[in-house]
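Worksheet: one structure, shown below.
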Protein chains: 2
Amino acid sequence: MHMGVAERKERHKEDLKREILDAAKLLFAEKGLEATSIRAIAEKIEYSPATIYLYYKDKNEIVHALHSEGFKLLVSHFEVLNHISHPFERLKGMGRAYIQFALQNPDIYKLIFNMEEPLKHVANCFEEWDEGDRAFDILLKTVGECQKLDYFKDFATEQVSFVIWSTMHGLCTLRTTGHLSHVAAAKASDQDLDQLMSSIFETFVIILEKLKT
Amino acid sequence: MHMGVAERKERHKEDLKREILDAAKLLFAEKGLEATSIRAIAEKIEYSPATIYLYYKDKNEIVHALHSEGFKLLVSHFEVLNHISHPFERLKGMGRAYIQFALQNPDIYKLIFNMEEPLKHVANCFEEWDEGDRAFDILLKTVGECQKLDYFKDFATEQVSFVIWSTMHGLCTLRTTGHLSHVAAAKASDQDLDQLMSSIFETFVIILEKLKT
DNA sequence: AAAGATTATGAACAGTGTTTAGTAAAGTCT
DNA sequence: AGACTTTACTAAACACTGTTCATAATCTTT
């Protein structure tokens with residue numbers, strides 16, 4: 001093999017992995033997770049179904065790859081906020097970023113937070129879920145900094161962080177599963193729903209603010 | 001047909017519907033939702049797979065039946081608390097009942113709140129989801145009563161109710177999907193986790209309490 | 001051009017939800 | 001009791017699914 005060919009092939013291999021992932025992501029978003037078959041992914045990238053198994057061991061591995069990617073995206077949304085010096089303002093930004101992420105990528109959000117399959121896979125991997133821990137560490141750190149400024153006084157940092165995460169996660173889950181729209185005034189449009197979510201979030205922020213002093 | 005035969009047959013038919021539902025519930029709890037096949041349910045009740053379709057139109061209809069049943073169970077957990085006259089105490093009781101329900105019936109909980117399939121089915125049914133609305137109405141009413149006693153002053157009843165529901169739902173979802181245990185100190189036992197959940201809940205209660213006056 | 005190593009696939013396996021056509025049982029009527 | 005009708009049930013098939021494996025096609029090296 002003359003020089004560079006190995007690299008080119010390696011590159012092609014990576015390209016194909018990406019193509020598979022992109023096709024999978026698209027189809028998942030369109031049809032949902034369970035409803036997307038390996039065969040459909042294969043057809044989309046114009047390869048045989050069996051080929052996919054040369055690049056990914058499992059359907060789970062594909063899901064897991066998207067899981068991992070989605071998490072990095074979320075963390076990157078958080079890291080943009082690092083320039084905000086006031087920790088409570090940063091915390092608010094994180095909340096908004098979290099909601100935005102969930103609304104813009106509802107399927108990836110479900111993938112990450114509402115399914116246990118990829119989590120089981122992660123448990124056997126020992127790696128990569130760092131992303132998840134990291135995201136929570138960022139929250140912990142931010143809440144800790146808030147406490148130095150007399151927010152959440154007399155509360156344990158971890159507990160408050162969990163309450164915050166729970167609220168955000170609950171809100172996003174209720175939204176993406178459609179429960180919010182079912183319980184809210186029946187014929188609410190998507191726009192109204194987003195507004196409702198915003199106002200719920202702002203209410204939560206005010207609640208947190210009242211915990212100062 | 002002599003008298004009583006129609007009734008007996010009707011009764012048998014109802015019995016079989018129940019048998020199917022019970023078998024399904026058991027298998028769902030054991031193996032999970034997707035992993036339970038109609039064939040497995042059929043084998044458990046010692047009937048042919050096709051027979052099940054004489055009693056339920058779909059697998060979805062079975063899921064929906066369990067969904068409905070689970071919701072009635074949750075609402076009944078709430079109604080027990082009606083004797084508590086102080087609304088905030090009742091609200092606390094509801095929170096604890098909600099958590100207890102989620103921990104004792106994790107699969108039904110997931111069924112009800114983390115899946116959209118049965119919800120879509122409900123959307124075409126126009127009925128039965130009353131249960132869901134009713135549960136939320138109970139929350140709304142309780143929060144409203146709390147406000148008369150100067151809790152959650154200057155907040156919109158609906159918004160506060162959504163925040164509360166979100167927090168409880170988020171907490172339970174994080175627990176049942178395993179995310180809580182992944183982020184919490186790695187080797188936490190189930191007991192430790194339940195304790196953690198309790199302490200998170202109590203923290204939330206204290207937060208709500210601080211909103212008085 | 002021949003040999004060797006990758007890469008891709010067609011066909012099959014075991015499983016799924018679901019439908020249909022046909023059988024066996026139960027109930028009804030004379 | 002025997003014939004007829006209605007009901008209850010099921011075996012077999014269909015169109016899917018994820019996954020594997022022997023085989024074929026392609027590319028690399030000699």
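In the text below, chain A, chain B and the rest are named by the order of the sequence lines, each starting its count at 1.
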Specify the separation, in whole Å, of atom [atom1] of [X] and atom [atom2] of [N].
| X | N | atom1 | atom2 | result |
| --- | --- | --- | --- | --- |
| B:K31 | C:dT16 | NZ | P | 10 Å |
| A:K59 | D:dT19 | NZ | P | 8 Å |
| B:D58 | C:dT18 | CG | C1' | 9 Å |
| B:K17 | D:dC9 | NZ | C1' | 17 Å |
| A:E61 | D:dG18 | CD | P | 15 Å |
| A:E19 | C:dT7 | CD | C1' | 15 Å |
| B:I20 | D:dC9 | CD1 | C1' | 12 Å |
| A:L54 | C:dA5 | CG | C1' | 14 Å |

**Ring geometry between B:F113 and A:H179 (parallel below 30°, tilted from 30 to 60°, perpendicular above 60°)** =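 Ring orientation, 0 to 90° scale: tilted.
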
**Prompt:** Does A:F88 have any ring pair (Phe, Tyr, Trp, His ring centres under 6.0 Å) partners at least two apart in sequence or in another chain, and if so, which?
**Reply:**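 Partners of A:F88 by the ring pair (Phe, Tyr, Trp, His ring centres under 6.0 Å) criterion, ordered by chain and then number, come out as A:Y151.
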
**Prompt:** Which part of the nucleic acid, if any, lies within reach of A:Y55 when heavy atoms closer than 4.0 Å are counted: base, sugar-phosphate only, or nothing?
**Reply:**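 Contact class for A:Y55: sugar-phosphate only.
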
**Item:** A:D194: salt bridge (charged side-chain N to carboxylate O under 4.0 Å, His left out) partners, not counting sequence neighbours
**Value:**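 A:D194 satisfies salt bridge (charged side-chain N to carboxylate O under 4.0 Å, His left out) with A:R175 once adjacent residues are dropped.
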
**Request:** Please list, by residue number, the residues of residues 37-52 of chain A whose heavy atoms come closer than 4.0 Å to an atom of DNA chain D; answer none if no residue qualifies.
**Result:**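 A:S37, A:I38, A:R39, A:A50, in order of number.
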
The criterion is side chain to side chain contact (heavy atoms under 4.5 Å, CB included); which residues satisfy it with [X], sequence neighbours excluded?
| X | answer |
| --- | --- |
| B:A102 | B:Y109, B:C172 |
| A:D137 | A:L140 |
| B:E43 | none |

